[in-house]
Structure formats: structure tokens, C-alpha cells
Number of protein chains: 2
Amino acid sequence: MMASIKDIARVVGCSISTVSRVINDRDGVDPLTRKRVQEAIDRLDYVPNLTAQGLRAKRGRLIGVAIPNSTVGAFSVVVQFALEAAYSQGFNVVLVNSHDDPDLEETLIKSLLSREINGVMLTRVSDESKIVTKIVKRNIPIVVIDRAFEHENVSNVVLDNYKAGCMAAEHLLALGHRRIACITGPLKISLSRERLRGFQNTLAEKGVGLPPSHLHEGNFLYQTGILGVQTLREQGASYTALWAMNDLMGFGAMRALHERGVRVPEDVSVLGMDDLEIAEMVSPPLTTIHYPIKELVERAMELLISQINSSEVRSETIVLEPSMTIRGSTSLHPPAGSSAGRP
Amino acid sequence: MMASIKDIARVVGCSISTVSRVINDRDGVDPLTRKRVQEAIDRLDYVPNLTAQGLRAKRGRLIGVAIPNSTVGAFSVVVQFALEAAYSQGFNVVLVNSHDDPDLEETLIKSLLSREINGVMLTRVSDESKIVTKIVKRNIPIVVIDRAFEHENVSNVVLDNYKAGCMAAEHLLALGHRRIACITGPLKISLSRERLRGFQNTLAEKGVGLPPSHLHEGNFLYQTGILGVQTLREQGASYTALWAMNDLMGFGAMRALHERGVRVPEDVSVLGMDDLEIAEMVSPPLTTIHYPIKELVERAMELLISQINSSEVRSETIVLEPSMTIRGSTSLHPPAGSSAGRP
DNA sequence: CTGTTAGCGCTTTCAA
DNA sequence: TTGAAAGCGCTAACAG
């Protein structure tokens, strides 16, 4: 069986309060006593029971993290960074996976609440999420990442998606492209609309249009990248550059183009977004807009833990900037040895 | 504040024991009383505090999961499957990330032990891991996946790696290849040695050799795939087919070959292993040996939870079979319109 | 500087 | 069928 605070007290011949003081590094303990307690702790291999601490002192040092889907795409790394950031501050992470299903999300987060959770990091909550209110009512700090969530007691760490759209357009324009297409994310999600707005506005500034025939609404999955290229073709689009609003769709687009005999980037430049680890492993390596997920998660955890430590829930919003990662899937147009690519 | 069992008791006008009985679905409660308690529970939005339950009854319904690295490669999906399997049985998951560092692993798993963890799923523990003993001593069931761990109180769910090696060889031989190279995983890991053994033996049966010049020891990362192709070349290897012991190295190899102007699969067939989601997203899509991670994790969780429920720790070993997933990166040799590829 | 005491929210005998 | 009481391991006043 596992040694408890009592065992230490008994062995040392002191009270459990003294042991507790040593464990929690509080002063007001005779150095000698402290030393003897320490020794006993080491000898008996004692580890304080966080469950009991949590129950008593409301600080179980546990953070709940909810992610939509950890398999593929940008969010697979959230877990890793969250674990690290939390652990470095002495917190463990309980993870739930909501599959973008609001009902499941609710059930799962409830299961978190039944523990002495000190804080919650939410990814992509559905806008109408009722559960947030319940968490707030318990006075537990919440940080939402990736999607802004307006609430007086909820903090946000998000990307400047409008700017991402602008950067995508700037990159393509700078390379000389004028006939440009785009595979978007679901347009019911504000982040897709923001990206599109930035993209369109920047193109428009240079007098470049983005007609409906050059747009395809995808769902951020690989398959819609493939489908997108097909659809664009059926819509009669003619373009020398394509922006897919995430890397997965970018991969799909590259694949579809490849199969049609269209060369990337010689005939069509493909630009992605996210900068997944595998973006540099495909051929050609994907030029993409870097989504600073690591920083996003780290900032979110910082925010969360600072609120936990000061035991005051705030509403703070941090906006992070995207950046360009230029690789091999985009190039100048017309190309050096010009040969009018026309998918 | 959050409603407790006391609040329910007060509202209903009964004792907390009665409420407890209702919560835990025990009989010996008057139907009427039960109904009134239920109503109060619903009305006050009461959720039993698992922390307290765990403290008192030693069943916090929490499972600790340790993975080496959740970012990239086959193990990024472990998390997802583990969450699902655990949740379906009413358990939450606390996750730690050991980065293949035995010391960190130990610290992290200790942090798990300080909670009322009911079971532990370990991935790739270092063979000399001291921590396992400590967990066992606390009578907590352990399941190790991916790497066998011999211990009378530890269960294992592993892949038949020898067979994977055989299958790789069979596939390549069946396609007509005779000059074959291999980029292995670290050979200090038994799983790499097993795969290699199966591969070599099967080749040998057909009189095909695998000389040192046709071998490169990688570390399962993308970069060693690239490096592997370079090294093989420096070693003067001439081959028409290459097995990389995981997909990541396979991607690297394809990339390096591509940059050398060697066509895959026309000149060289490349075979991977793992069957990552992205294996079908690269060009050409990677033929690979499917590593049934989902099943692996599900079986592991089953084993774990059944041991938890029966509160007896056992040592059981489950061996899973690999299978082939044939895509576009391997083809017949000599090819239809033969043209002697020689990287 | 140290010990005593009263719980945190819950389950579990043991009586009634 | 129900309740009282003890206690899981720990912290936090409050005394000494």
C-alpha cells in the first residue's frame, strides 16, 4: 500500500500538520524537523495524494482540455503542447475529444466538471455551447483557442485570420499571379469567412477578382481538396495559383492536379495554411501560412494558469499573427521558361 | 457553487446515505424516495464529485496514459483512440508525454500515481523502466502497447513484428524484385530487429540476400529516410525496391529519390510501414504495412478496464497481425515498359 | 515552531 | 428502508 501523510508523521514522530507544512514548502518549521521529515518522505517513497489535496484545498492541479479531433490536421499537436505547458507548471491534463459534436462536447465537459478541475482549455467550442455557462458558474477559468468566444468570463487566444487571408493574397500576387482560385473552409465558420475576406480584399486592391467560379467551399479535409480541383474545373475556372485554406485540402488539391497532369508549381502554384509537420514531406513541399499553434497553446495555458493562481477569472483576448513558410509548391508566374499553364 | 450530496439530502429531507444509494443505483431504497432524490438531483444539476468518490472508494474512474510523443507518426492517433475507448467505459484519461526520455517518463508517471489512477496504459516504456515496479506495487493494472514488457503483473498488446518483416519481403518478391534495400529503425530496439529478421529470412528463402551495403539504420524519423537513400548510394547499393520500416522514413526516402530524379515506383518501389493517414496523401500514395493501432489501443483498454473492474491484475499478452495496404509506391519489376532503374 | 481539530464530498459498515 | 458515524488523505485555522 501507498504511504500517506500519517505514516510519515508516525515515523518521524511529529504531527501530520508538520508534515503537510514540509510538503507544501511552508515556513515555520524547524530546519532539523524539516530535514527529518524530508528523509522519511524519501525513504518511504511518499507522494502527496493530489486527489485528497484537490478535495480539500480545491487545487487538484488538473486542467481539462477539450479538442475536436486529435487524429489529423493542425490540432493533433495541440495535445502535445498542452501537456508540456501544463506539466511545466505542475498541472496534469485530462483530455476529452468532442468530434465537433456539441452534444458529445457537453457530456464530456460535464465529465470534467465532476472532477476538481482548476481550469479548462477549449478548442473550437460550438458558438451556442451551453456548457461554457456551466463552467463559468463554477468559477473555473476558461480559455478558448482557435475560435473566438464572446463571454465576459472567457478568455480567447486566436489567430488573425483576416490577416492570414491578406498574406495569402500578397504572396500569390507578388509571384505574379493574376488568375487565382481558392478552396475555402466551411463558410458558416467565421474563421473561414475572415480568411476569405482578407484574401478577396487584398486581391481586389490589385484589381484581381475572385469570381464564384474560382471558389470552392471545402470542409478542411483532404477529400475536399481533391473535390475542389474537380469542381473548379467543372466551373470552368482557369487559374495559375490556388489557395487552400488548410494544408490538408492543399494536399488533396496537389494530388488532384498531379493526376490531371498539371505540374505544381510550374503550371499551378498551390498555397496551404497551417504548416503541418508533413507539409515539408510532400512533393513538392508545400508553401503555407504558418499557424503558430504551439504559441497559441502556450499562451492559452499561461493565461489559464495565471488565472488559476490568482483565482480570478478574467476575460482577456490575445490575437496572434500568422506568418509565411515558403517552400516549393508556389513559384513565379509566368515561370522562367514560360509555358502558360492552364488546368 | 456546486451542489453536493448534502444539498440534495437537505432538499429532499433525507440522509446523505440515501442519496448516495440512489446515485450508485443500489437497491434498498423506497421507490418514492428514490424518485424524489432523482428529481432533486436533476433540479439542482448535481453531479457526483469523482474526486471525492475516488478518494473514498478508490474508484476515480481515471486512467493514465503515457505516450512517447504525440506530434507526428503512428502514435499521434493513440491519444484519440485511447480517449474514446476509455470514455465509452466511463473513464477519463490523464495523459503524459514522455518524449522517450526514461527520466522524464518516471517523473511524469509519478505524477499520475499521485492521483487515484485506476489503471495505466504505457507506450514504449524503456526496457529498464523502474517505474513499472512502483505501479505494480500499488496494485494498479498496467498494459504496455507496442513494445513487449516482461513482467508477471504487466499485460502486453503488441504487433507481430517478425511477420511484418516477412510480409514486406513477400510483397516485394511477389512484384519481382530481387535487388532490395532496407532502411531500418534503431537496431537496439527489439522491434526493429524482429522486423529485420523476418524480412531477411523471407528474402533468403528465395535466395535473395540483404548485404550490409543495402542496409541503413535509421531512427524512424523523416530525416533518416532522406539520409538513408544517400547512404545507400554511398555504399554502392543498387536496388529496385526499398523497405522503410516506417512511413515517415518512407516519405523521406521518396523525397530523396525524387530529388535524384529516380521515379517511384517506376525505377524504385518504396514500401513503408504504419499506414499513417497521410500515407495516401503523398504522391505517389505510399504502399505500406498497416499497423492496426486502433485495434491495439482498443484491446489494451479492454484489458485494462476488465482488470480494473475485476480488481485483479493479470499478465496477459495479445499479439496482433499486420496487413498490407497496397497503394501506388510499389510496382512490378521489371516494369511493363522495362527501362532498368538504377539509382 | 508545533499539534489539535474540523472538515472537503463521498461511501460504507452498523444499528435502528 | 433508512440514518448516524467513521474515515479516505489532506489543508487550514487556531491554540499552545
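Note on naming: letters A, B, ... go to the chains in the order of the sequence lines (proteins, then strands), and numbering restarts at 1 for each one. The figures that follow rest on heavy atoms only: side chains count, while hydrogens, waters and symmetry mates do not.
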Between atom [atom1] in [X] and atom [atom2] in [N], what is the gap in whole Å?
| X | N | atom1 | atom2 | answer |
| --- | --- | --- | --- | --- |
| I8(A) | dC10(D) | CD1 | C1' | 13 Å |
| R61(A) | dC10(D) | CZ | C1' | 15 Å |
| R10(A) | dG9(D) | CZ | P | 12 Å |
| E116(B) | dC8(D) | CD | P | 12 Å |
| L62(A) | dC8(C) | CG | C1' | 17 Å |
| R34(B) | dT1(D) | CZ | P | 9 Å |
| D7(A) | dC10(D) | CG | C1' | 13 Å |
| L44(B) | dG9(C) | CG | C1' | 15 Å |

For dT12(C), take OP1 and OP2 only and decide whether either is under 4.0 Å from a side-chain N or O of R26(B).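 Indeed, a polar side-chain atom of R26(B) lies that close.
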
Is any side-chain nitrogen or oxygen of S15(B) closer than 4.0 Å to OP1 or OP2 of dA4(D)?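 False: S15(B) side-chain N/O out of range (4.0 Å or more) of dA4(D) OP1/OP2.
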
Mapping C14(B) and A52(A) to their closest nucleotides on DNA chain D, which lands nearer the 5' end?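 The residue closer to the strand's 5' end, by nearest nucleotide, is C14(B).
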
Need to verify one output field. Residue with the more 5' nearest nucleotide on DNA chain D, I23(A) or T33(B)?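 Residue closer to the 5' terminus by nearest nucleotide: T33(B).
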
For V78(B) and M121(B), which heavy atoms make the closest approach, and how far apart are they?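 Closest approach of V78(B) to M121(B): CG1-CE, 3.7 Å.
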
Closest to the [X] side chain, choosing from [options]:
| X | options | value |
| --- | --- | --- |
| Q53(B) | dC10(C), dG9(D), dG3(C) | dC10(C) |
| N49(B) | dC14(C), dG9(C), dC10(D) | dG9(C) |
| K6(B) | dG3(D), dC8(C), dC10(D) | dC8(C) |
| V29(B) | dT11(C), dT2(C), dT2(D) | dT2(D) |
| D30(B) | dT2(D), dT11(C), dG9(D) | dT2(D) |

Under a 3.5 Å cutoff, is there a donor and acceptor pairing between the side chains of Q80(A) and N97(B)?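 Checked: Q80(A)/N97(B) side chains pair up, N/O donor to acceptor below 3.5 Å.
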
If we count only N and O atoms by modelled type, under 3.5 Å, do the side chains of T123(B) and D146(B) hold a donor and an acceptor together?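 The answer is no; no qualifying pair exists.
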
Would you state whether a donor and an acceptor, one from the side chain of [X] and one from the base of [N], lie under 3.5 Å apart?
| X | N | answer |
| --- | --- | --- |
| S20(A) | dA12(D) | no |
| S17(A) | dT4(C) | yes |
| R56(A) | dG9(D) | no |

Starting at the 5' end of DNA chain C, which residue's closest nucleotide do you reach first, I16(A) or P31(A)?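 This one resolves to P31(A).
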
Along DNA chain C (nearest heavy atom to each residue), the more 5'-positioned of Y46(B) and R21(B):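 It is Y46(B) whose nearest nucleotide is closer to the 5' end.
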
Assess the residue pair I305(A) and F91(A) against the criterion (side-chain contact (heavy atoms from CB on, under 4.5 Å)); give the C-alpha distance rounded to whole Å, side-chain angles, the decisive distance to 0.1 Å, and a yes or no. CA-CA 9 Å; I305(A) 292 173; F91(A) 286 80; 3.9 Å; yes

May I ask you to decide if S76(B)'s main-chain N or O and S76(A)'s side chain share a donor-acceptor pair within less than 3.5 Å?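 Not confirmed, S76(A) side chain does not pair with S76(B) backbone.
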
Taking everything shown except R34(A) itself, do over 12 heavy atoms lie less than 6.0 Å from its CZ?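 Above 12, so yes.
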
